[in-house]
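Presented below is the structure to which this report refers.
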Number of protein chains: 2
Amino acid sequence: MIQSQEFQSIIQAFYDAKDEQGIYETFDHLTYFLGFKYFAIGHHVDLLNPPIASFGISNYSSGWLNEVFHERYFMDDPIHFLCNGRHAGFAWPESHLLNRLNERHRHILERGALRNFQSGYTIPVHLPGEYSGSCTFATPTSGTIAHNVLPAAFFAASHAFEAIRRLARTAAGLGLEPPPQFTDRQREVILLMGQGKTYAEMGMILGISRETAHQHCKLVFRAYGNIQRCNLIARVLYDGIASFPEMLRKQ
Amino acid sequence: MIQSQEFQSIIQAFYDAKDEQGIYETFDHLTYFLGFKYFAIGHHVDLLNPPIASFGISNYSSGWLNEVFHERYFMDDPIHFLCNGRHAGFAWPESHLLNRLNERHRHILERGALRNFQSGYTIPVHLPGEYSGSCTFATPTSGTIAHNVLPAAFFAASHAFEAIRRLARTAAGLGLEPPPQFTDRQREVILLMGQGKTYAEMGMILGISRETAHQHCKLVFRAYGNIQRCNLIARVLYDGIASFPEMLRKQ
DNA sequence: ATAGCAATACCCAGTTTGGGTCATAGGCCG
DNA sequence: CGGCCTATGACCCAAACTGGGTATTGCTAT
């Protein structure tokens, strides 16, 4: 399958696509080629109020899309939820994944199954400074998905996402701004903020005065546009400026 | 290749590995299976002062590793640089990628080529809350890499990274105690805290009094053992109680 | 029915935050 | 050498947070 000329040409077609229509047709082709029926690719954002340069393309039925929009399923999409903290693709439904879902997630999953989404394969896409997203292939038949198509689906989905990102960015005229850069000292106070330390404690730990720690923090806030402390924590983790292990380390 | 039993068993072996030695042997096997000679997988961090729970494994020669450490190449690694803002894997060297490199990058790339890294394939790995990383396969022969192995390499690298992450995390002792459970209201105030809202703003948004929002937050803090607000944000994101998309979305 | 829990609401004293502004010292670079 | 950046330190002050309380309402499970 992967050795085939057809597979190579589908990948190339994503990069050659000039607009959403071209992407859609290529995806339709790919979905059929891989043996699935449905596809969806896009960012995990508020679909009723999508941010600039975000995108979402699928061949889901209008009935299901109506339900998703009307019931606001996209805010608690179980498949999107399972993408959190994950790089490798995953086939669903799978028992040990279902354990992580809450009531609302399961309800949505059941509604989807009624609408012919019995099983599928989803590829998460995370990139620093961008909205998380994913690419999903689904079938109306229940039962296990053939494992040998997964590498091809994973590979193709990644390139498809890459191609659509570029298209969406150039269409939006950005250039998303890259996350700010920080000095070593600034990164240190960021970690300490995430550990819940006060300015006085930071000063103690770093061997500097309370006011100096305060000053470093002020510059960090300013770099992010004077956002609030807690929002900063979420941002630096998301932007890859700090990692969970460092921030959550006991001390 | 991908259909082969051997490929499946290599993937499984990564998840079954109990320590770095097991990972190393499995990677050696995978590298040979894919037709490469060298492999390297790990986080893009300061190797002289690696953060907790970060990892790096490779079968590079000690001569090259010495040079990398001594000359601090890892701070300006051209391959790591090309991973920025990219999800799909990439084969190198490739002319349109080289354009993005600066002098120092090219110098390091040339030094690597002298040390037998003529061409390769690199898979970037980005995950919110973690350092970016990558997995590289390389060969001492110049010339184009056969395209048909790339999907297998991409797929296997993703699962390998996933398996090593889990190993490194449990070794770092994170995520041992099960996270507390929260009510819907509590989850709402958690999200609002992560968005930098004050108690008064939370009350406004939720249609309750400032003091009620305060009360919900107090119970959340208590559930985590009266930790500080900012530390809470890092914890709930790590524990999967809230996700980056819901916390960072504009509203 | 009654005990438990979630959600609501209010009080309060002490601490912390997050904006300013200002100043000095050292390092690096052209 | 001068300019720029970083790290350091200091002061001010209104607003917000923190962590104790108490108390009512309504729902649910035993």
Side-chain angles (χ1 to χ4, degrees), chain A residues 102-104 178-237 241-242 247 251, chain B residues 46 49 71-72 75-76 102-104 107 178-237 241-242 247:
Chain A
N102 66 23
E103 272 311 306
R104 168 94 169 145
Q181 299 277 324
F182 294 107
T183 67
D184 287 346
R185 258 310 192 231
Q186 288 169 344
R187 273 183 29 80
E188 287 180 291
V189 296
I190 286 172
L191 290 181
L192 292 170
M193 276 195 273
Q195 286 162 7
K197 300 286 185 280
T198 67
Y199 291 134
E201 289 170 319
M202 290 181 216
M204 206 101 69
I205 291 166
L206 298 176
I208 58 181
S209 83
R210 190 191 96 104
E211 285 304 325
T212 305
H214 183 187
Q215 178 66 12
H216 288 307
C217 291
K218 283 191 287 194
L219 294 178
V220 170
F221 292 139
R222 191 175 293 176
Y224 262 115
N226 274 345
I227 60 178
Q228 297 304 304
R229 203 188 183 89
C230 286
N231 195 224
L232 176 88
I233 300 306
R235 293 283 292 274
V236 296
L237 286 169
I241 289 161
M247 196 167 274
Q251 43 173 336
Chain B
D46 181 349
N49 187 20
E71 302 292 333
R72 301 176 66 83
M75 300 301 281
D76 306 279
N102 65 23
E103 272 312 308
R104 167 95 169 142
H107 169 69
Q181 297 279 321
F182 294 107
T183 67
D184 287 347
R185 258 309 191 235
Q186 288 169 345
R187 267 181 38 77
E188 287 180 290
V189 295
I190 286 171
L191 291 180
L192 292 169
M193 276 194 274
Q195 286 162 8
K197 299 287 184 282
T198 67
Y199 291 134
E201 289 170 320
M202 290 182 213
M204 206 100 73
I205 291 166
L206 297 176
I208 58 181
S209 82
R210 188 191 95 105
E211 285 304 324
T212 305
H214 180 187
Q215 177 67 9
H216 288 305
C217 291
K218 281 194 287 193
L219 294 178
V220 170
F221 291 141
R222 192 172 295 177
Y224 263 116
N226 272 344
I227 60 175
Q228 299 304 304
R229 208 189 180 85
C230 285
N231 194 223
L232 177 87
I233 301 306
R235 294 285 292 272
V236 296
L237 287 169
I241 288 161
M247 195 168 278

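Hydrogens, waters and symmetry mates play no part in the numbers below; they use all other heavy atoms, side chains included. Naming convention: chains lettered A, B, ... in sequence-line order (proteins, then strands); numbering from 1 in each chain.
- Residue pairs meeting the ring pair (Phe, Tyr, Trp, His ring centres under 6.0 Å) criterion with at least one member in residues 191-214 of chain B, sequence neighbours excluded, are Y199(B)-H214(B).
- Residue pairs that meet the salt bridge (charged side-chain N to carboxylate O under 4.0 Å, His left out) test with at least one member in residues 212-222 of chain A, sequence neighbours left out, do not exist here.
- Relative to the axis of its first five pairs, the axis of the last five pairs of the helix from dA1(C)-dT30(D) to dG30(C)-dC1(D) sits at 60°, rounded to 10 degrees.
- A heavy-atom distance below 4.5 Å is not found between the side chains of L192(A) and E201(A).
- Atom CD1 of I233(A) and atom C1' of dG18(C) are 15 Å apart (whole Å).
- Residues passing the salt bridge (charged side-chain N to carboxylate O under 4.0 Å, His left out) test with R187(A) are E246(A), sequence neighbours excluded.
- When the side chain to side chain contact (heavy atoms under 4.5 Å, CB included) test is applied to R104(A), the partners found at least two apart in sequence or on another chain are Y73(A), D76(A), N102(A), I108(A).
- When rounded to the nearest whole Å, the span between CG of D184(B) and C1' of dC5(C) equals 14 Å.
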What's touching nucleotides 24-26 of chain C from the protein side, N or O pairs under 3.5 Å?
none

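- Here the C1' atom of nucleotide dC5(C) and the CZ atom of F182(B) are 16 Å apart, to the nearest Å.
- A 4.5 Å side-chain heavy-atom check between N231(B) and Y224(B) finds every atom pair outside the cut-off.
- The distance from the CD1 atom of I208(B) to the CZ atom of R210(B) is 12.0 Å, given to the nearest 0.5 Å.
- In terms of the side-chain hydrogen bond (donor to acceptor under 3.5 Å, both in side chains) criterion, residue partners of E188(B) (sequence neighbours excluded) are, by chain and number, R185(B).
- The distance between atom NE2 of H216(B) and atom C1' of dA9(C), rounded to the nearest whole Å, is 10 Å.
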Check your understanding: Could you write nucleotides 9-27 of chain D as a row of B, S and -, 5' to 3', where a protein heavy atom under 4.0 Å of any base atom gives B, of only sugar-phosphate atoms gives S, and otherwise -?
Key -> BBB----SSBBBB------

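- Across the protein-nucleic acid pair, N231(B) atom CG and dT17(C) atom C1' stand 17 Å apart, rounded to whole Å.
- Here the side chains of C217(B) and M202(B) are in contact, with some heavy-atom distance below 4.5 Å.
- dT15(C) atom C1' lies 12 Å from atom CD of E201(A), rounded to whole Å.
- Looking at residues two or more places apart in sequence or on another chain, you find no ring pair (Phe, Tyr, Trp, His ring centres under 6.0 Å) involving F221(A).
- Residues forming a side chain to side chain contact (heavy atoms under 4.5 Å, CB included) with A234(A) (at least two apart in sequence, or on another chain): I233(B), L237(B), M247(B), L248(B).
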